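Only a predicted model underlies this, so the values are computations on that prediction, with no experimental measurement involved. Sequence lines set the chain letters: A, B, ... in the order given, protein chains first and strands last, and positions in each chain run from 1. All heavy atoms count here, side chains included; hydrogens, waters and symmetry mates do not.
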There are 2 protein chains.
Amino acid sequence: MSQTVDRALSILPLLAEGPANLEQVATRLGVHKSTALRLLRTLHEHGMVYRQQDQRYRLGARLFALAQEAVENLDVREIAHPHLVALNERCGHTVHLAVYEENEVLYIDKVESRYPVRMYSRIGKPVAITVAAVAKLLLADLPEPERRTLAERLTYPAYTPRSTPNAAAFLKELATVREQGWATDFGGHEESINCVGAPIRGADGRVVAACSVSAPNVVVTAEELLSLLPLVRRTAEEISREYSGGAPVSASVSHASQNPSQVTAETPEKRAEETSS
Amino acid sequence: MSQTVDRALSILPLLAEGPANLEQVATRLGVHKSTALRLLRTLHEHGMVYRQQDQRYRLGARLFALAQEAVENLDVREIAHPHLVALNERCGHTVHLAVYEENEVLYIDKVESRYPVRMYSRIGKPVAITVAAVAKLLLADLPEPERRTLAERLTYPAYTPRSTPNAAAFLKELATVREQGWATDFGGHEESINCVGAPIRGADGRVVAACSVSAPNVVVTAEELLSLLPLVRRTAEEISREYSGGAPVSASVSHASQNPSQVTAETPEKRAEETSS
DNA sequence: GATTCCGGTTGCAATATCTGCAACGTTCAT
DNA sequence: ATGAACGTTGCAGATATTGCAACCGGAATC
């Protein structure tokens, strides 16, 4: 709508790919150098971009600060986190939390079994919207017309033979998901990865987020993973309850029922490649 | 510099304080409603702001995604390099940069006195994880359980009498390092080589890398090397700041405090083959 | 040591772009 | 129903933005 702002904002994702100099920015933006310079200067004044020694630009600190505040405003994340950790501790697999926003589904939290450190690696990446379990859960709850138009506007990449092929199939799948209250993705994105997810609802019953457990075939079969469904659903419900202002259900957060019957997976085999030297 | 962009960007910190409706934004910006609307629309198109059900605006998750992507593409090495060179110029010794990855600590950059650049020969080499200063720094920051399991899985080669003997001693050393915020290796890998290192932290405070200065006994004593600690720490802090998208601090990069008191050594004629660190 | 190239920077005039206004919709509460 | 509150749109005027071309300053080249 506003050309100037539009151009300025277009610079950011561009720089997210890596540092760039003035000319590169100007070229990729399709504007004159001087124009790019002025836009960058404005961005700079607001701390959105930063100029390194070699004069190339990269994203600035302010952006990170804003991003931080942006997620903090997503209070689902904060509430969900301990539950996700608990879920991860019980099953050992990767746990995701995602929200729908502006025709996209984004991961906003992730707990990994093996490397708790690397948690932030993929967060923020848009999800494979046509196949991911969390995406199905979130889209299934959209108002019918919006769901339909979105489904028809999407492209359906054939990641694997089991990827959702087209809008019709997708809408049908969404109906199922909506009906049953949970979703799966069996090799629809990566041949060897399966996952099961459940919706997190706000006080009004709308789905505000979704969480899922993912694991590679080699660790657990699809059936075994599916046996985790009750646990996943329970976790989602606990988060929903707390998010809706309900009782914290503090017991469940910590480690709730130490009921190992639900836990199918063994601890992921640690592969210490034997380091040191 | 650019009024429109300036106004648009001013909306973001404003929204960071919490959701706001159109009129509030317009008022605080000091512009007409319609102007604010158009700016918000542009921000919206870029996913920088998001409109909730109640029509109020808040920061968009896309902001988060953007920052995340930027972090992934952040190359510590690239940012650190000039600082390492500067450090090398000031003290004359071998400077190392290392990261932790998959149960290993790897050198990813090295600056030698004579050759300001070239180090690909060493890049990727695993560090003597049980004794190197950089290894201690990186492992000290791991989450407790991971640190412990890793420490117990390691083998503790007795490179020298002063090498870390076992897991217990190592964990104790890591605790110390974690506490004091710097680390040393006095002859733990090569009898005649000492080094001091400091941690480089990301915006979230986690240690993302570590740098160190190494020198043989014959050039400087351990005490003399230790006197370089302030300089090493300062360098690490500068890198941290810049890595976090932080303040330019351009002055410091070049030559900051020309305080020669810190500089103990003359140019080393000996560079430690495949050093410890 | 001069010259050329490369990239960034600045002044300026033309105009495309943005702005504020005022009228219009829509929703919600009275 | 009526009114208020808030968001939205069309428009004309004016301002802010743009591209150009010239200008620098440094690095590489001859």
Side-chain angles (χ1 to χ4, degrees), chain A residues 1-12 14-15 17-60 101-102 143 145-146 203-204 206, chain B residues 1-12 14-15 17-60 78 81-82 85-86 89 115-118 248 250-251 253-255:
Chain A
M1 285 275 154
S2 168
Q3 190 187 58
T4 318
V5 177
D6 183 52
R7 284 172 170 173
L9 293 179
S10 300
I11 292 177
L12 299 178
L14 193 154
L15 289 183
E17 296 170 17
N21 66 18
L22 177 61
E23 214 161 66
Q24 293 171 315
V25 171
T27 306
R28 294 202 43 183
L29 219 59
V31 299
H32 194 268
K33 284 189 303 180
S34 57
T35 305
L37 177 67
R38 285 179 281 240
L39 294 176
L40 280 164
R41 276 222 262 257
T42 310
L43 288 168
H44 181 83
E45 274 177 14
H46 284 261
M48 305 294 282
V49 306
Y50 163 62
R51 200 153 200 194
Q52 336 182 288
Q53 279 75 25
D54 61 357
Q55 290 209 308
R56 292 193 306 168
Y57 293 90
R58 64 179 184 80
L59 296 182
E101 194 172 302
E102 312 288 329
E146 194 176 343
D204 55 358
R206 299 301 305 269
Chain B
M1 285 274 158
S2 168
Q3 191 188 59
T4 318
V5 177
D6 184 52
R7 285 172 169 171
L9 293 180
S10 301
I11 293 177
L12 299 178
L14 193 153
L15 289 182
E17 295 170 17
N21 66 17
L22 177 61
E23 213 162 67
Q24 293 171 313
V25 172
T27 306
R28 294 203 43 184
L29 261 186
V31 299
H32 194 268
K33 284 189 303 179
S34 57
T35 305
L37 176 67
R38 284 178 281 240
L39 294 175
L40 280 165
R41 275 222 262 257
T42 310
L43 287 169
H44 179 90
E45 273 177 16
H46 285 261
M48 307 294 281
V49 306
Y50 172 61
R51 201 152 199 196
Q52 327 180 297
Q53 280 74 20
D54 61 356
Q55 290 209 303
R56 292 194 306 167
Y57 294 91
R58 63 169 180 73
L59 294 181
E78 197 175 335
H81 192 73
V85 170
E89 278 168 4
Y115 325 102
V117 201
R118 272 312 55 86
S250 48
V253 174
S254 44
H255 16 54

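Screening residues 37-59 of chain B for salt bridge (Lys or Arg N to Asp or Glu O under 4.0 Å), with sequence neighbours left out, gives A/E101-B/R58, B/D54-B/R56.
Along DNA chain D, read 5' to 3', the first and last nucleotides having any atom under 4.0 Å from a heavy atom of chain A are D/dT17 to D/dA21.
Comparing B/S34 and A/Y57 against DNA chain C, the residue whose closest nucleotide sits nearer the 5' end is A/Y57. The residue among B/S2 and B/Q55 whose nearest nucleotide of DNA chain D is located toward the 5' end is B/Q55. Summary of the strand contacts: A/K33 and A/R7 both lie near DNA chain D, and taking for each the nucleotide with the nearest heavy atom, the more 5' one is attributed to A/R7.
In terms of heavy atoms, A/L14 sits closest to A/A20 at CD2-CB, 4.5 Å. Counting all heavy atoms, side chain and backbone alike, A/K33 lies closest to A/A26 at CA-CB, 3.8 Å.
Taking NE2 from B/H32 and OG1 from B/T27, the interatomic distance works out to 10.5 Å, rounded to the nearest 0.5 Å. Taking CG of A/L40 as the reference point, atom OH of A/Y57 lies at 5.0 Å (rounded to 0.5 Å).
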Output side-chain donor-acceptor pairs under 3.5 Å for residues 2-9 of chain A, partner residues at least two apart or in another chain, one line each.
from	atom 1	to	atom 2	distance (Å)
A/D6	OD1	B/H46	NE2	2.5

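At least one side-chain heavy atom of A/P143 sits less than 4.5 Å from a side-chain heavy atom of A/R206. Under the 4.5 Å side-chain criterion, counting only non-hydrogen atoms from C-beta, B/M48 is in contact with B/L12.
For the helix from C/dG1-D/dC30 to C/dT30-D/dA1, the angle separating the two terminal helix axes comes to 40°, with each axis derived from five pairs and the value rounded to 10°.
A salt bridge is absent between B/R28 and B/E23: the closest approach of a Lys/Arg side-chain nitrogen to an acidic carboxylate oxygen does not fall below 4.0 angstrom.
For the segment residues 36-51 of chain B, residues with any heavy atom less than 4.0 angstrom from an atom of DNA chain C are, sorted by number, B/R38. Using a 4.0 Å cutoff on non-hydrogen atoms, the parts of residues 20-32 of chain B near DNA chain C are B/V31, B/H32, ordered by number.
Dashed line: the shortest gap from a side-chain N or O of B/T35 to OP1 or OP2 of C/dG20 is under 4.0 Å.
Only one option out of B/V49, B/L29, B/V25 pairs with B/L39 in a side-chain contact (heavy atoms from CB on, under 4.5 Å); it is B/L29.
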